[in-house]
Structures are given as structure tokens and as C-alpha cells.
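Residue numbers begin at 1 in each chain, while the letters A, B, ... track the order of the sequences.
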Number of protein chains: 2
Amino acid sequence: MATRERRSQRRTEALSRERIVEAAIELLDAEGEGGLTFRALTQRLATGPGAIYWHVANKGELLDAATDAVIAAALAGEPAGPAGSPQDAIRAVAFGLFDAIDDHPWLATQLATQLSRGPGGPVAPRIFESIGRQVRALGVPEDNWFTATSALMHYILGAAGQNAANARGVESDVDRAEFLGAVAKAWEELDPDDYPFTRAVAEQLREHDDREQFLAGIDLVLAGIATLRLPGR
Amino acid sequence: MATRERRSQRRTEALSRERIVEAAIELLDAEGEGGLTFRALTQRLATGPGAIYWHVANKGELLDAATDAVIAAALAGEPAGPAGSPQDAIRAVAFGLFDAIDDHPWLATQLATQLSRGPGGPVAPRIFESIGRQVRALGVPEDNWFTATSALMHYILGAAGQNAANARGVESDVDRAEFLGAVAKAWEELDPDDYPFTRAVAEQLREHDDREQFLAGIDLVLAGIATLRLPGR
DNA sequence: ACCTGAACACCGTTCAAGT
DNA sequence: ACCTGAACACCGTTCAAGT
């Protein structure tokens with residue numbers, strides 16, 4: 001609750017783009033997408049809106065910078081060192097993104113927004129590169145690099161984003177079970193004529209383990225990619 | 001341009017939730033996410049904000065209803081009739097969603113937002129059911145229904161959303177080539193040490209065909225699903 | 001070069017009042 | 001039951017003025 005920590009303590013460090021982005025991330029984490037306003041930001045940074053606009057063009061740019069900072073940190077784990085198999089490296093990248101979206105649920109929407117604006121921004125190449133290197137290491141023929149990397153990336157971001165919903169505002173395992181139980185119940189109460197499949201799958205939703213399920217999807221896509229490999233390799 | 005068509009013509013049909021949702025979709029299509037405001041809506045419907053709030057709880061609900069209406073229409077194509085193979089049926093569903101997002105680019109963000117709020121809304125079961133039925137018809141073992149359907153759904157929505165960027169505000173094939181060329185150029189100018197893979201793939205980005213690429217991804221996931229099939233079937 | 005803070009235009013939402 | 005429209009609180013952004 002304590003909505004206003006560090007409210008009017010005098011600012012010691014000078015304002016900077018990094019400091020502003022950091023404060024924006026804190027606000028987004030604490031209060032969700034709606035929590036990032038210039039007024040909350042000026043209060044937390046003990047400054048005025050003009051000062052922020054000196055370092056950042058507008059709110060959209062700030063949101064993009066916050067997204068990029070979190071994604072860059074999430075992908076900074078593996079320093080290109082040849083550790084295990086490419087498959088394991090892909091799983092590591094996937095769980096890095098999974099955890100980032102779990103910790104910062106606002107990323108789900110933000111990533112979709114940014115990617116649907118085109119691969120122009122810095123985020124798309126970052127994710128694409130991390131996954132693509134391992135796709136190449138897998139021995140996938142070059143013609144299929146784009147397809148294989150895209151399939152992995154979209155599954156990872158989509159599944160991680162949907163998963164974040166299960167953890168949102170959930171404090172304990174009991175809360176989680178309660179939440180999933182409620183959704184499963186809603187699915188079971190759908191019209192039997194219109195939703196036979198969804199009803200049949202409701203029980204799996206109730207009992208599933210998030211990370212295990214996520215991993216199963218990764219391995220499914222990896223199995224598809226394996227069929228692309230040239231016989232020679 | 002002509003921002004204000006049908007501005008103050010007297011309203012003939014009575015206001016209704018359907019009419020409001022229809023107007024909201026028109027505004028979103030014409031002006032993007034930022035174009036949907038209650039003021040634009042009241043003008044287009046020749047009414048006041050209070051009248052809209054009588055039929056709709058708030059803006060979020062209106063956005064959800066608009067999303068649901070478009071998705072429902074996109075999935076209404078196949079009437080469960082046994083036409084071709086399950087694979088073809090999945091491709092048909094996928095292209096239905098692809099075209100819907102292409103026609104209504106605001107869907108990309110909106111779907112991500114709605115799905116990341118959990119499978120509670122009406123949209124998630126709709127998409128899940130359309131794809132899942134065909135997954136079942138494919139002979140996938142029941143334990144893998146959720147995984148297989150999720151993998152397909154996330155690839156379809158993610159790839160279609162990213163694709164919509166290529167078509168955004170693009171009027172001709174020349175525009176499209178220009179846009180893709182610019183992105184490919186940006187990719188080619190990335191740091192060679194940090195982005196070797198992305199640079200290598202830039203050329204594929206320039207020359208690719210959207211629908212062909214999308215289909216290749218579907219078939220990749222389908223190949224992965226095929227490895228799940230029980231030997232017996 | 002960097003920051004202040006009042007002011008502006010615009011937004012979602014409410015509500016007393018009408019029919 | 002359904003609609004009107006003024007009003008409220010809040011938002012992103014600008015800009016003349018300061019240091």
C-alpha cells in the first residue's frame with residue numbers, strides 16, 4: 001500500500017535518463033501500467049515535468065526504454081560461452097524471458113505493442129539474436145533461420161505473457177490454486193455444444209505446473225525445428 | 001483525413017450496445033488505438049457520454065467487446081463441417097486470425113492485453129477452441145492437448161501481430177518494399193560483434209513473402225506436434 | 001546545459017436533471 | 001428505462017523563466 005515512499009527527500013544524485021528509466025520501472029512494477037504517470041514520476045524523483053522532458057522525448061519513449069532495459073538485463077545471462085547444447089541454451093534464454101515477464105507483468109503488453117510496431121526498435125533484434133544464434137548452432141539450414149527463430153520467439157513471448165496472468169496479484173500457492181480453479185470452473189461451465197474441447201481441457205489447466213508446461217511447449221517447437229535439419233548434420 | 005463523417009446527422013436507430021461497439025471498431029480501424037475516445041464516440045453516435053455509459057460499464061469493457069466481436073467474426077468461417085484434413089483446418093483458422101489482425105492492427109496489442117489478464121474473458125476460449133478441436137482431430141494424445149494448442153495459438157497471434165506492422169499505413173507494394181528495405185538496412189547496420197545472426201538474416205527479411213513465411217511457421221509447429229502422435233494412430 | 005512549475009488541451013467518468 | 005450535458009479529477013505536454 002504505502003503509495004508514496006521516498007516522497008520529498010531531497011534529490012542527491014543529479015537527474016539522468018538512467019535514473020528516470022529506473023524510477024519508471026519501479027512504478028510499473030509497483031502499480032502496473034496505470035501507475036506510470038508523469039506526476040508520480042516527478043514526485044518520486046523530486047522534480048518537475050520539464051526536467052523529465054529534458055532527458056526523454058515523451059511517455060512512449062520512456063516506456064520503450066523501460067522495456068529495453070529490462071529485456072537487456074534478462075538476456076545478459078549467457079555471455080556467448082559454449083556451455084551445453086544449443087537446446088539447453090534456448091531453454092535458458094526462454095526461462096530468462098519467462099522470469100522477466102513474471103517479475104514485470106507489464107512487459108507482456110509492452111512487448112506486444114513494441115513488436116507490432118515493427119522490428120525497428122532495439123528490443124526485437126535483441127531477442128531475435130539471442131534465440132537465433134542457437135537456432136544456427138542447431139544446424140538448421142539458413143533458409144529456415146527466420147522461420148525457426150520466429151516460431152520460438154512468438155511461443156516464448158506469448159506463453160510467458162499468458163502465464164504472467166496466473167501469478168498476477170497472487171501471493172501464495174493457495175491463491176494460485178484458487179485462481180486457476182476459478183478459471184477452470186468457468187471453462188467447465190461453457191456451453192457443451194460450442195466448447196467441447198475447452199471443457200475437456202479445463203482439468204489440465206487446474207493441475208498444470210507453469211514452468212513444466214512452458215518447457216513442454218519449447219520442446220514441441222524444438223521438435224518441429226529438428227525436422228528441418230539437413231540429413232547431413 | 002475527413003475526420004468527421006456523419007457528424008451531427010440525427011440518430012435514427014436507437015442506441016444499443018451493438019451499435020456502440022460497431023462505432024468503436026470503426027474508430028479504431030480509422031485512427032488506431034488513440035482514436036477511440038468517448039468524445040469521438042459521442043460525436044459519431046450523436047449522443048452524450050452518459051448515454052454510452054448506460055450501455056457499457058467503461059472504456060475497458062468497450063475495448064474488450066470490440067475485440068471479441070472482431071475475433072468471433074474471424075472465427076465464424078468454418079461451421080465444424082468435415083471438409084479437409086485437420087492440418088488444413090488449422091491453416092484456415094490461422095489465416096482467419098492473420099487477416100483479422102491485418103485488417104484491424106489494434107487487435108495485436110488488445111489481444112496480448114486481454115490474454116495476459118488471464119483466460120477469464122471470452123476471447124481466449126474462442127481461439128483456444130477453434131484450434132484445439134483440430135489438434136484433437138490430429139490424434140494428439142490428450143495429455144498434450146494443452147501444450148500443442150498453446151504452441152499453435154501463441155505462434156499464430158504473435159506472428160500475425162508482428163506481421164501487421166509490415167502492412168501498417170502501407171498503401172502499395174512499393175511502400176511495403178520501402179518499409180521492409182529500411183528495416184533490413186537497420187538490421188544490417190547493427191554491431192557485427194553483437195548481432196551476427198540478425199545481420200545475416202536481414203536479407204531474408206527484405207525478400208520474404210508475409211503469408212508464405214507465416215505458413216512456414218504454422219507447418220513448423222505442426223511438424224513438432226506430429227512427433228507427439230501415438231505410434232498407433 | 002539543466003531545471004522549475006504554472007498553464008493548456010484533452011481525457012474518462014459521474015450525476016442531477018430531463019423524457 | 002433511457003438519454004442529456006455540464007462538471008470533476010486527472011493526464012501528457014509545453015514553455016517562459018530561472019540557475
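- One finds a salt bridge joining E22(A) and R19(A) here, because a Lys/Arg side-chain nitrogen approaches an Asp/Glu carboxylate oxygen to under 4.0 Å.
- Residue L63(B) contributes atom CG, which lies 10 Å from atom P of dG12(C) at whole-angstrom precision.
- Contact annotation: H55(B) side-chain N/O to dC3(D) OP1/OP2 distance is under 4.0 Å.
- Atom CD in E31(A) sits roughly 14 Å away from atom P in dC10(D) (whole-Å rounding).
- Rounded to an integer number of Å, the gap from CG of L45(B) to P of dC2(D) is 16 Å.
- Looking at heavy-atom distances under 4.0 Å, L62(B) makes no contact with the nucleic acid at all.
- Counting any heavy atom pair closer than 4.0 Å across all strands shown, I52(A) reaches no nucleic acid atom.
- Remark: side-chain polar atoms of T109(A) are not paired, donor with acceptor, to backbone N or O of W106(A) under 3.5 angstrom.
- Nearest to the side-chain atoms of T37(A) among the listed nucleotides dG12(D), dC3(D), dC11(C) stands dG12(D).
- Nucleotide dC2(C): paired with dG18(D) (Watson-Crick or G-U wobble, both distances less than 3.5 Å).
- Within the shown strands, nothing qualifies as a pairing partner of dC11(D) under the Watson-Crick or G-U definition with both distances less than 3.5 Å.
- Look at CD on E61(A): it is 15 Å from P on dG12(D), rounded to the nearest Å.
- Although no hydrogens or angles enter the test, the distance criterion places a donor-acceptor pair under 3.5 Å between the side chain of K59(A) and the main chain of L36(A).
- Ion pairing between D99(A) and R211(A) holds under the 4.0 Å rule for side-chain N and carboxylate O.
- Atom-to-atom, CH2 of W54(A) to C1' of dC2(C) comes out at 6 Å; the value is rounded to the nearest Å.
- Taking the six-membered ring where tryptophan is involved, the planes of F197(B) and F128(A) are tilted, since the angle between them lies from 30° to 60°.
- Distance alone, capped at 3.5 Å, is enough to place a donor-acceptor pair between the E129(A) side chain and the T198(B) backbone.
- Between R17(A) atom CZ and dA1(C) atom C1' there is a gap of 17 Å when expressed in whole angstrom units.
- We find that CD of E33(B) is positioned 17 Å from P of dG12(D), with the value rounded to whole Å.
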Which pairs, protein N/O on one side and nucleotides 13-18 of chain C N/O on the other, fall under 3.5 Å?
{"from": "dT13(C)", "atom 1": "OP2", "to": "Y53(B)", "atom 2": "OH", "distance (Å)": "2.7"}
{"from": "dT13(C)", "atom 1": "OP2", "to": "K59(B)", "atom 2": "N", "distance (Å)": "2.9"}
{"from": "dT13(C)", "atom 1": "O5'", "to": "Y53(B)", "atom 2": "OH", "distance (Å)": "2.9"}

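- Using cut-offs of 30° and 60° on the angle between ring planes, the pair H208(B) and F146(A) is parallel.
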